[in-house]
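Report on the following structure.
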Amino acid sequence: MADQPALQRLDAHRWLLPRQGKMRTDGLIFSDDELIGAVRADGTLQQVQAMAALPGIVGPAMAMPDAHQGYGFPIGGVAAFDPHAGVVSPGGVGYDINCGVRLLRSKLVAADLNHQQLTRLADALAAQIPAGVGQGGAKRLDDRQLDRVLTQGAAWAVNNGHGQATDLEFCESNGQIPLADPDQVSTHARNRGRDQLGTLGAGNHFVELGVVELVADADAAQAFGLFPGQLVLWIHSGSRGLGHQVCDDYLKRLRQDKDAVHSPDSQLIAASPHSPVGQSYLAAMAASANFAFANRQMLTHLARQAIGQTLQISPANLGLALVYDVAHNIAKLETHTVHNRQRQLWVHRKGATRALGPNHPELPPRYAAIGQPVLTPGDMGRASYVLKGSHLAETLTFASSAHGAGRRLSRAKAKHNAKGRDISAELAQTNVIVRAKARATLAEEMPDAYKNVNNIAAIMQNSGVAPIVAKTRPLVCIKG
DNA sequence: ATGTGC
């Protein structure tokens, strides 16, 4: 691409995008020799420059190693803003508000399951977990129930029989973002989400059974309850049509609002957190985030049931306990130390995972000595990683890390490259059993559509931001 | 990501 901004290499895993033109701060790119080419080739760097030009930005505008061009911010973008001089931006959070990941451990050894049992698990999960674009679930919430979901988050699901109380302890923010206001969520958004609680969705969302194939940090793995050979369950989903509509609604509203903060890139439209429209967006964003937390909790319950029924194992013997649940599309008001001063900042993580270091007050006691589990799923054929947050992350990245592999090919390009191929058969040859509602999804989501998550994990580890704890390999993957 | 376009 012509006119690519000049990058200065800082070290093996970091590049500086120096402040220039309208930028108010530097850009900082995490990458490596293999991945930096893709970041240069799409619009990621220009988007980082645009982030850096937003008012009230504190610290650098960052791109994680899985970054690629997105709407407004790149996917993999991290930026922090002063609550008074700064902004909040729907394009800095993403369309899928609180898209996120959770990981559950089990008491089972994967090798004890034969191929037939894994196939039956794939069939049961595919049958019992509603998936696909526009797909509804078993429940249709009335307005009162929906209000509670939007304010209570995962706790609503647990309190209504879809999980156990201990699940909440291991969710980021306990699965409930404060100051959510259902009244800031449009009727249209509510109606889109009303029957979508406990549904997977489509695209890169998945439910996966995997096996722990490597433990790199024995102490951390023990604290997280992970051991080699263990069967684990990954769940990746978000706020479905409801969050999507909220993002859409507030982008439209901002375009007509006198308090909107405009950028040369109209996708970056933003508002002061204190403006009426900014306050409304934040309250609706929080409500959508709570919907997503409740959704992943419902999906967890469905998966526990499907697995227990299929294997005829009691919940106690299955031991599907939550390791952690992270939000990777969200803006949060957090306290960070900047130039030796504690400041409240609106940290936008869009396709980026929070990565709190040891002894952070928001960690559950079980993880206090270790740091936060940083869930970093890869593509459906290769691997996924559990990393751990660090003090360095708190000083370097506002406690943020990568959110996964990140797309390498556009959806259109992936579909083109998959023409004439049977992705399901290719995955079966590498012993991954996949079930997808739509053939097009498999093409868009095939392993070569993604960056190599091994590189992503190595960058996060070697930069000191998020050391590797464990690696898992996929066995069964359910897609929309 | 998304009732995958207005």
Side-chain angles (χ1 to χ4, degrees), chain A residues 42-44 47 64 66-77 89-102 130-137 140-141 185-197 199-207 235-252 255 267 284-285 287-289 291-293 295-296 299 326-331 348-353 377 379-380 403-416 418 436-446 449-450 478-480:
Chain A
D42 68 8
T44 304
Q47 290 192 320
M64 293 294 125
D66 47 343
H68 55 102
Q69 192 176 337
Y71 185 95
F73 277 33
I75 320 291
S89 172
V93 169
Y95 265 90
D96 189 359
I97 295 165
N98 190 8
C99 186
V101 188
R102 55 169 59 186
V133 175
Q135 186 58 244
R140 188 176 175 81
L141 302 171
V185 177
S186 71
T187 304
H188 190 194
R190 293 169 66 98
N191 286 339
R192 284 186 69 175
R194 200 179 289 281
D195 69 343
Q196 291 187 323
L197 203 60
T199 67
L200 186 62
N204 63 1
H205 292 163
F206 62 81
V207 168
I235 296 174
H236 180 208
S237 190
S239 50
R240 309 287 286 104
L242 184 141
H244 187 277
Q245 189 62 46
V246 165
C247 182
D248 214 38
D249 287 341
Y250 280 91
L251 286 168
K252 287 197 176 89
R255 284 182 208 122
Q267 295 181 352
M285 182 205 69
S288 306
F291 186 90
F293 278 131
N295 187 34
R296 290 196 289 276
L299 289 168
V326 295
H328 59 219
N329 273 11
I330 200 161
H348 290 57
R349 297 190 185 91
K350 181 188 183 183
T353 304
D379 65 75
M380 58 186 166
H403 86 311
R407 292 200 78 84
R408 188 175 72 85
L409 304 177
S410 69
R411 293 179 194 279
K413 183 124 198 210
K415 272 194 274 204
H416 178 78
K437 294 286 175 206
R439 206 182 151 77
T441 303
L442 274 183
E444 292 173 358
E445 294 296 312
M446 64 180 178
Y450 280 88
I478 310 302
K479 302 282 289 183

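Just so it is clear: chains get the letters A, B, ... in the order the sequence lines come, proteins before strands, and each one is counted from 1. From a predicted model like this one, the values you see are computed outputs, not experimental measurements.
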Minimal non-hydrogen separation, A:V246 against A:A284, with atom names: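 Heavy atoms only, the tightest pair is CG1-CB, 3.8 Å.
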Roughly, in whole Å, what's the span from [atom1] in [X] to [atom2] in [N]?
X	N	atom1	atom2	answer
A:L442	B:dT4	CG	P	20 Å
A:K437	B:dT4	NZ	P	18 Å
A:K252	B:dG5	NZ	C1'	12 Å
A:D249	B:dT2	CG	P	16 Å
A:Y95	B:dG5	OH	P	13 Å
A:L242	B:dT2	CG	P	12 Å
A:H244	B:dT4	NE2	C1'	9 Å
A:L200	B:dT2	CG	C1'	14 Å

Mutual orientation of the aromatic rings belonging to A:Y95 and A:H244 [parallel < 30°, tilted 30-60°, perpendicular > 60°]: tilted
Test item: A:R240 side-chain N/O and A:Q135 main-chain N/O as donor-acceptor pair under 3.5 Å: yes
Donor-acceptor pair, side chain of A:T441 and main chain of A:G480, under 3.5 angstrom: yes
First encountered from the 5' end of DNA chain B, between A:D96 and A:E444: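 Result: A:D96.
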Using a heavy-atom cut-off of 4.0 Å across all strands, would you classify [X] as base, sugar-phosphate, or nothing?
X	answer
A:A440	nothing
A:G203	sugar-phosphate
A:H188	base
A:Q196	sugar-phosphate

A:R411 side chain near B:dT4 phosphate (N/O to OP1/OP2, under 4.0 Å):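 For B:dT4, neither OP1 nor OP2 has a side-chain N or O of A:R411 closer than 4.0 Å.
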Residue pair A:C99, A:H236: steps toward the side chain to side chain contact (heavy atoms under 4.5 Å, CB included) verdict: CA-CA 7 Å; A:C99 186; A:H236 180 208; 3.2 Å; yes
